[in-house]
Amino acid sequence: MYKTHTCGELRATHAGKQVTLAGWVHRRRDHGGVIFLDLRDRYGIIQVTVNPDLSKETLEHVANVRMEWVLQVTGTVHKRPAGMENPKMQTGEVEIIAESIDVLNPAKTLPFMVSGENDLPDENTRLKYRYLDLRRERMSRNMILRHKVVKFMRDFLDKQNFIEIETPILFKATPEGARDYLVPSRIYPGQFYALPQSPQQLKQLLMVAGMDRYFQIARCFRDEDSRGDRQPEFTQLDLEMSFVHRDDVLALVEALYTDMIPRVAPRKKLLSSPWPKFSYKEVVEKYGTDKPDLRFGMELIDVSDIFTKSDFRVFQSAIESGGVIKCIVAPGCADYSRKEVDALTESAKALGAKGLATLAVTGEGLKGTAAKFVKSEEEEAVKSKVGAKEGDLILFAADERAVVNKVLGGLRVIFRDKLDLADPDLMAFAWIVDFPMFAWNEEEKKWDAEHHPFTMPQLDDLPKFETNPAEILSDAYDMVCNGYEMASGSIRIHRSDIQLKVFQLLGLRGDEIEQKFGHMLEAFEYGAPPHGGMAPGVDRLVMLLADEPNIREVIAFPKNQTGRDVMADAPSEVEPKQLKELHIQIKE
RNA sequence: GGUCCCGUGGUGUAGCGGCCUAACAUGCGGCCCUGUCAAGGCCGAGAUCGCGGGUUCGAAUCCCGUCGGGACCGCCA
């Protein structure tokens with residue numbers, strides 16, 4: 001070993017000990033005589049004091065030492081002289097009086113500073129030199145937090161009799177869902193493996209195999225455009241249980257998170273325990289989204305009934321064409337300028353609205369774009385229904401129901417950020433249940449599975465397969481937190497007759513079903529237990545716990561938004577020989 | 001595929017028609033300095049302002065295009 005101790009562990013109790021440390025030069029302070037070097041490793045930073053009584057040779061090469069050089073230092077731990085302690089450092093009571101210093105490796109001048117948290121370089125520069133970026137304390141802390149989260153999950157589930165099983169990365173393409181990443185086969189010309197979008201089928205087959213309680217920290221791959229909370233490859237805690245109902249799965253995951261968060265992120269507080277449960281329909285009507293941020297109010301309020309006889313053309317036509325009028329109340333925003341309201345209108349339009357009507361409640365009565373159309377009885381009715389006070393701004397959307405919800409749901413989040421309505425230390429978990437089973441795909445004129453095709457429809461709704469598929473509810477559930485979808489799961493179909501009905505409704509032909517899913521249907525005929533599970537996202541959870549704005553900050557080597565690995569420069573072209581072996585020709 | 005925002009020494013910012021021969025901080029090089037901890041002081045090197053075109057007497061600054069990046073919509077069972 002190059003060292004006897006870590007830089008972070010030394011305290012006053014070590015005083016008098018001779019130690020050898022190895023690490024990076026975090027900062028240097030050269031006073032001409034005495035030189036201070038802050039030496040850093042993963043565990044912390046400690047001050048190394050180089051006194052001028054060392055050999056001339058040592059002093060000469062210490063004078064050359066720069067930031068991020070790798071040193072091995074042998075010296076004695078001393079309590080610092082009175083008044084010289086640094087309370088900002090964990091090791092601030094002590095210092096190492098250097099006896100010998102070896103340069104294990106010098107470093108070129110870095111493209112950016114590792115010490116200090118401010119003035120981060122452009123993100124692509126950070127990604128290009130990710131191994132340097134990860135030296136920063138914040139990134140190192142994120143990696144450690146992530147480790148703790150995953151470790152807690154493993155330990156918790158192990159205690160609950162779960163076993164961790166690895167499933168293949170090279171698997172089969174599926175027609176449903178996200179675009180697959182394909183891997184060409186060398187041995188079978190023209191055939192491809194697919195990287196798993198999730199181990200969905202495999203974990204269900206493990207239930208058929210009697211594995212009973214399975215989990216995996218599973219890498220998943222989806223060839224879709226990235227976002228702050230979406231990467232081409234990401235990690236889920238994939239789990240599946242046999243002989244359970246919906247609430248058994250929810251209870252397990254809720255217990256896992258409720259136990260974990262105080263242990264790994266003590267600053268974080270749960271908004272409520274137990275977590276609230278909303279139906280999909282309820283939550284969309286109230287918050288305009290199926291992944292609401294429950295840390296603040298500003299709920300959507302339906303005021304259609306107040307404006308049934310409105311003089312306002314926009315309201316009239318919405319009602320006449322079967323739509324709704326809903327609103328949100330932005331507290332204290334009545335004094336918004338024309339410019340600010342215009343910006344909100346633009347946002348509303350981007351979300352699909354035709355426009356945005358506003359009422360500002362002021363000391364001189366109503367103002368805003370809808371003010372002159374609002375009758376006095378309507379004014380009173382609205383104010384009392386939405387609880388608007390003087391100084392508030394009411395924003396209305398009038399359109400078909402889905403559009404209204406989406407627009408106001410989007411504006412609600414904009415106000416959250418504008419007005420700082422959400423406490424960053426709160427974790428507002430909730431369950432969303434009773435999702436629709438199918439959604440009509442207008443473009444392709446077919447039914448799509450809202451969750452995935454293995455989701456169990458609610459048994460009461462089975463007759464609706466023939467009458468009204470849109471009304472079929474499924475036994476699917478989501479876990480949401482602070483406006484993010486944190487997990488998704490369902491009770492699965494374990495009967496091949498129901499599975500067949502679903503495939504047929506999705507428009508899959510018999511031969512297609514056989515080719516794509518024959519192995520699943522066959523498996524279900526050999527005694528499949530009732531089962532269900534879910535898959536909480538690891539990246540998003542760690543992101544929230546680490547107070548990071550995107551999941552790239554909690555992934556060691558992420559892709560950028562355009563799906564590129566900036567450090568290794570992937571994807572990249574390959575040798576013609578490789579293509580030839582894979583029977584692939586590039587079309588120009 | 002679409003909308004919006006950003007692109008100035010190694011890094012982070014300022015400058016937003018002429019005072020820019022581009023400023024500040026930090027890093028880098030040199031000198032001074034024995035108790036600092038974002039050490040300090042002095043000196044110095046380092047940028048044709050992403051790229052291309054246009055407007056103008058004059059462009060880092062305005063316009064168009066393009067490339068790169070980010071946020072969002074679509075997409076993400």
Side-chain angles (χ1 to χ4, degrees), chain A residues 26-39 45-53 59 63-64 66-68 78 80-89 91-92 95 97 108-129 132-133 174-180 197-198 200-201 220-232 234 343 346-347 349-352 406-407 410 413-414 417 435-439 441 443 447-455 474 476 485 488-490 502 506 535 537 549-550 552 560-562 564 566:
Chain A
H26 191 66
R27 292 273 184 180
R28 60 188 281 274
R29 292 176 294 282
D30 184 345
H31 285 243
V34 67
I35 299 172
F36 300 104
L37 299 172
D38 289 342
L39 198 68
I45 298 172
I46 188 160
Q47 172 164 289
V48 174
T49 304
V50 183
N51 283 317
D53 54 4
L59 291 174
N64 293 324
R66 291 294 178 273
M67 289 201 283
E68 300 304 315
H78 280 251
R80 293 198 190 183
M84 301 296 166
E85 302 87 354
N86 184 351
K88 285 188 280 185
M89 291 174 79
T91 59
E95 61 188 340
I97 305 299
K108 289 205 296 186
T109 301
L110 267 56
F112 56 87
M113 293 250 283
V114 169
S115 56
E117 280 302 307
N118 301 325
D119 295 342
L120 279 182
D122 162 82
E123 191 173 356
N124 254 23
T125 308
R126 293 175 56 205
L127 290 176
K128 180 170 178 192
Y129 300 99
L132 300 179
D133 193 36
T174 49
E176 292 284 321
R179 206 173 286 120
D180 286 314
Q197 297 174 26
S198 80
Q200 184 59 37
Q201 297 185 27
C220 305
F221 305 87
R222 294 176 191 176
D223 188 2
E224 299 291 348
D225 290 353
S226 297
R227 287 285 192 286
D229 63 346
R230 273 163 35 191
Q231 281 268 305
F234 60 99
E346 281 312 303
S347 303
K349 282 182 177 167
L351 290 160
K406 187 173 174 196
V407 168
V413 172
I414 290 171
D417 299 336
F435 281 83
M437 179 84 190
F438 302 105
N441 182 333
E443 270 168 48
W447 291 100
D448 285 343
E450 185 76 25
H451 185 56
H452 60 61
F454 309 108
T455 301
S474 73
E485 178 192 310
S488 191
S490 63
V502 171
L506 293 175
N550 63 64
R552 297 187 296 275
N560 70 8
Q561 185 167 194
T562 55
R564 197 146 259 292
V566 183

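Applying the 4.0 Å criterion to OP1 and OP2 of rG74(B), one finds that Arg227(A) has every side-chain N and O outside that range. A sub-4.0 Å separation between OP1 or OP2 of rA39(B) and a side-chain N or O of Arg29(A) is present. Proximity of Arg552(A) to the phosphate of rA71(B): a side-chain N or O atom is located under 4.0 Å from OP1 or OP2. Listed pair Lys88(A) / rA38(B) meets the phosphate criterion, a side-chain N or O lying under 4.0 Å from OP1 or OP2. Using a 4.0 Å cut-off, some side-chain N or O of Thr562(A) falls inside it from OP1 or OP2 of rG69(B). At the phosphate of rU36(B), neither OP1 nor OP2 sits under 4.0 Å from any side-chain N or O atom of Gln47(A).
The shortest side-chain heavy-atom distance between Leu37(A) and Val50(A) falls under the 4.5 Å cut-off. For the pair Ser115(A)/Met67(A), a side-chain contact is recorded, criterion being any heavy-atom separation below 4.5 Å from C-beta on.
The same atom, C1', is picked in rC31(B) and in rA23(B); the two are 25 Å apart, to the nearest Å. Nucleotides rU34(B) and rU48(B) have their C1' atoms positioned 46 Å apart, rounded to a whole Å.
Atom CD1 of Ile45(A) is separated from atom P of rA38(B) by 10 Å (rounded to the nearest Å).
Looking at Arg552(A) and Glu123(A), a side-chain N of the basic residue comes within less than 4.0 Å of a carboxylate O on the acidic one, giving a salt bridge. Taking the charged nitrogens against the carboxylate oxygens, Asp225(A) and Arg227(A) have no contact shorter than 4.0 Å, which rules out a salt bridge.
Across all strands shown, rU3(B) is found opposite rA71(B) as a Watson-Crick or G-U wobble partner, with both distances under 3.5 Å. Base pairing annotation: rC24(B) forms a Watson-Crick or G-U wobble pair with rG12(B), both donor-acceptor distances under 3.5 Å. Both distances falling under 3.5 Å, in either a Watson-Crick or a G-U wobble arrangement, place rG65(B) opposite rC51(B).
Within the 4.0 angstrom heavy-atom criterion, base atoms lie near Glu85(A). In this structure, Lys128(A) reaches neither bases nor backbone, as no heavy-atom distance under 4.0 Å exists between it and the strands shown. Note on Pro111(A): only backbone sugar-phosphate atoms sit closer than 4.0 angstrom, heavy atoms only; bases stay farther off. Using a 4.0 Å heavy-atom cutoff across all strands shown, Met84(A) reaches at least one base atom of the nucleic acid. Contact annotation for Pro121(A): backbone-only contact, meaning every heavy-atom pair under 4.0 Å involves sugar-phosphate atoms and none involves a base. Within the nucleic acid shown, Arg27(A) comes within 4.0 Å of sugar-phosphate atoms alone, with no base atom in reach, counting heavy atoms only. Within the 4.0 angstrom heavy-atom criterion, only backbone atoms of the sugar-phosphate kind lie near Asn560(A); the bases stay farther away. Heavy atoms of Gln197(A) sit nowhere under 4.0 angstrom from any nucleic acid atom. Among the protein residues, Glu95(A) comes within range of the nucleic acid bases, having at least one heavy atom under 4.0 Å from a base atom. Counting non-hydrogen atoms under 4.0 angstrom, Gly228(A) reaches the backbone sugars and phosphates but no base. No contact: Asp448(A) has no heavy atom under 4.0 Å from any strand. Met89(A) comes within 4.0 angstrom of a base, heavy atoms only.
Look at His31(A) and the base of rG35(B); the rings do not stack under the cut-offs of 5.5 Å between centres and 30° between planes. Stacking annotation: Phe112(A) is not stacked on the base of rU11(B) (requires ring centroids less than 5.5 angstrom apart and an interplanar angle below 30 degrees).
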Could you walk me through whether Thr49(A) and Glu95(A) pass the side-chain hydrogen bond (donor to acceptor under 3.5 Å, both in side chains) test, one step at a time?
-> CA-CA 7 Å; Thr49(A) 304; Glu95(A) 61 188 340; 2.6 Å; yes

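Looking at Gln47(A) and Arg29(A), their side chains do bring a donor and an acceptor atom within 3.5 Å of each other.
Side-chain to base pairing of Asp225(A) with rG74(B): one donor and one acceptor N or O lie within less than 3.5 Å of each other.
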